[in-house]
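Notes for the one structure printed next.
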Protein chains: 2
Amino acid sequence: MTETLQSPLWRSPVTSSDRLLLEMQRAIVEGEIAAGSKISEPELARKFDVSRAPLREAMARLERCHLIERIPNAGARVVTLSADGLKALYQIREELEGLACRLAAENMDEHEVNQLQELLDQHLASQRVREGESYYQEAGDLDFHYRIILGSKNPYLINMLCDELYFLVRMYRVQLGMNGPRVSRAFDEHKAIINAIASRDGELADLLMRRHIAASRGNIELKLQQLGK
Amino acid sequence: MTETLQSPLWRSPVTSSDRLLLEMQRAIVEGEIAAGSKISEPELARKFDVSRAPLREAMARLERCHLIERIPNAGARVVTLSADGLKALYQIREELEGLACRLAAENMDEHEVNQLQELLDQHLASQRVREGESYYQEAGDLDFHYRIILGSKNPYLINMLCDELYFLVRMYRVQLGMNGPRVSRAFDEHKAIINAIASRDGELADLLMRRHIAASRGNIELKLQQLGK
DNA sequence: ATCGAATTTATTGTCGACAATCAATAAATG
DNA sequence: CATTTATTGATTGTCGACAATAAATTCGAT
């Protein structure tokens, strides 16, 4: 993941609980800690060689980004991925990123728009080399979305999308993958969105982003069905 | 505040940190702990007669609902209310509650719709008695919005609106008030929204809710200007 | 007298141990 | 034999003390 992916709310990991959070986010998103599995505080504390205090703080933040679910006096479980969950998540993502796109068209300055276009050119070049390689596409796609969200200049929106929803989105995408033909199509959609933003057409940018996300959702739903969940 | 206001995620305060959270949420929303003031952990721990452990957990949750802001190794401050903050908050609220309204029109069952209509009749009756009394109106308004959000049946949406955004919304409303003429107008808007939901017209319900919230926002913005902030 | 650096002070982050609560097993009774 | 009730076990929630970091103050130099 590149530097530009970091939201302003991701502070560099100064504290133990910060490091733990990053480590556990990665482990859960990539399935290293299995979806649906129960989390034992003493066990994880030993594993990461820390006390339960920073671990519990990290877990509170994991709950905040919907990666685990806690029940008082009972324990915590890693979330399970499901078709219903995906639907609910993407309903919100469509709405909020549509808004972000509209606001970005209004609030991004010329420099930021130029940077966004340069980013797309970079991805296009690297995509020609690695045809259909999903990892780079994913990083590139996330980077693209991140910049637009930041461009909205709305702190609450940035917080919700980058800090609360995006890890779960990544979890669906990493664990359920993204197949070939969708990858190149996504580039064209990105291009259209940037054009709308560059011409300050917030309404169009909104619409295009919603469709872009809806298409992405359809792609993952297909995978879910194929796996027979 | 009535019983029905509670979201499913508000568990009864079984633990110390739960009690602390409720207490501090109320204190901040009502301005008992002044906006912008710094929070001292040892001081509050003494005041509420608990250890710092549950206090810190409560503070983590206060940060989650945007009532305080923390900086690592530096401390926490209560948020300050501003015109920019209100604008950013209501931009999101408009979008998400519009979505909630559309989903409610699709997903609420007959019984829930009937209950919603009964609720409005109750409020109308009590409003005739207490003309322009803002406290009851506020509770009633919140209750109305809560039920629609729950009716969306989208867990993420419910969590975001009821647990993360609504305390800040209440803080603006409680500390900046809501004046007379707006109160009765809100009833008519509520009525129109319910009708749209009852006739399963999600699109209309969405539109009406957005306007309702925009009007409410305009009302608070006016107050902010009058106070010369 | 003012600016900068070192020291002091206070606050936050972390630790290990204890208490309270819940789940599971085993015993007892109809 | 089934159902209920204790008992055991483990996990979570809470506490008080310590260590690390940042802010405040004092002291010294120009």
Side-chain angles (χ1 to χ4, degrees), chain A residues 8-28 33-80 163, chain B residues 8-28 33-80 163:
Chain A
L9 295 164
W10 285 14
R11 46 174 187 263
S12 44
V14 289
T15 174
S16 290
S17 120
D18 288 340
R19 241 179 313 116
L20 269 176
L21 178 65
L22 291 177
E23 197 64 39
M24 292 180 74
Q25 278 176 335
R26 189 199 55 74
I28 292 176
I33 302 177
S37 64
K38 197 182 174 193
I39 289 192
S40 161
E41 290 186 6
E43 184 187 330
L44 275 185
R46 276 195 306 274
K47 180 178 175 183
F48 289 109
D49 197 44
V50 289
S51 158
R52 279 178 54 215
L55 178 73
R56 280 172 66 85
E57 189 165 327
M59 285 175 66
R61 292 202 249 169
L62 284 176
E63 186 184 19
R64 178 177 171 172
C65 51
H66 308 284
L67 291 183
I68 68 173
E69 288 164 353
R70 300 179 82 180
I71 298 170
N73 289 319
R77 307 192 77 86
V78 178
V79 293
T80 58
D163 298 338
Chain B
L9 295 163
W10 283 17
R11 45 174 189 264
S12 43
V14 288
T15 173
S16 290
S17 119
D18 288 339
R19 242 179 311 118
L20 269 176
L21 178 65
L22 291 177
E23 197 64 39
M24 290 180 74
Q25 278 176 334
R26 188 198 55 74
I28 292 176
I33 301 178
S37 64
K38 196 180 173 198
I39 290 194
S40 161
E41 290 186 7
E43 184 187 329
L44 276 186
R46 277 196 306 274
K47 180 178 175 183
F48 289 109
D49 196 44
V50 288
S51 159
R52 276 178 55 217
L55 178 73
R56 281 172 66 85
E57 189 166 328
M59 284 175 66
R61 294 203 249 168
L62 284 176
E63 187 184 19
R64 177 176 172 172
C65 52
H66 308 283
L67 291 183
I68 68 173
E69 287 164 353
R70 300 179 83 179
I71 298 170
N73 290 317
R77 306 192 77 87
V78 178
V79 294
T80 58
D163 297 338

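Chain naming here is simple, since letters A, B, ... match the order of the sequence lines and numbering starts at 1 in each. Because the structure is predicted, anything quoted here is derived from the model rather than measured.
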**Request:** Between protein and nucleotides 10-24 of chain D, map the contacts as a letter string: B base, S sugar-phosphate only, - none, heavy atoms under 4.0 Å, written 5' to 3'.
**Result:** --BBBB-----SS--
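For the ring-ring contact (aromatic ring centres under 6.0 Å, His included) condition, the pairs that include at least one residue of residues 46-79 of chain B, sequence neighbours left out, are Y156(A)-H66(B).
Checked against side chain to side chain contact (heavy atoms under 4.5 Å, CB included), A27(B) has the following partners two or more places apart in sequence or in another chain: E32(B), I33(B). With sequence neighbours excluded, no residue forms a side chain to side chain contact (heavy atoms under 4.5 Å, CB included) with T80(B). Listed by chain and number, the residues in a side chain to side chain donor-acceptor pair (under 3.5 Å) with E41(A) are R52(A), R56(A) (sequence neighbours excluded). In this view, R19(A) and P13(A), S16(A) satisfy the side chain to side chain contact (heavy atoms under 4.5 Å, CB included) rule, not counting sequence neighbours.
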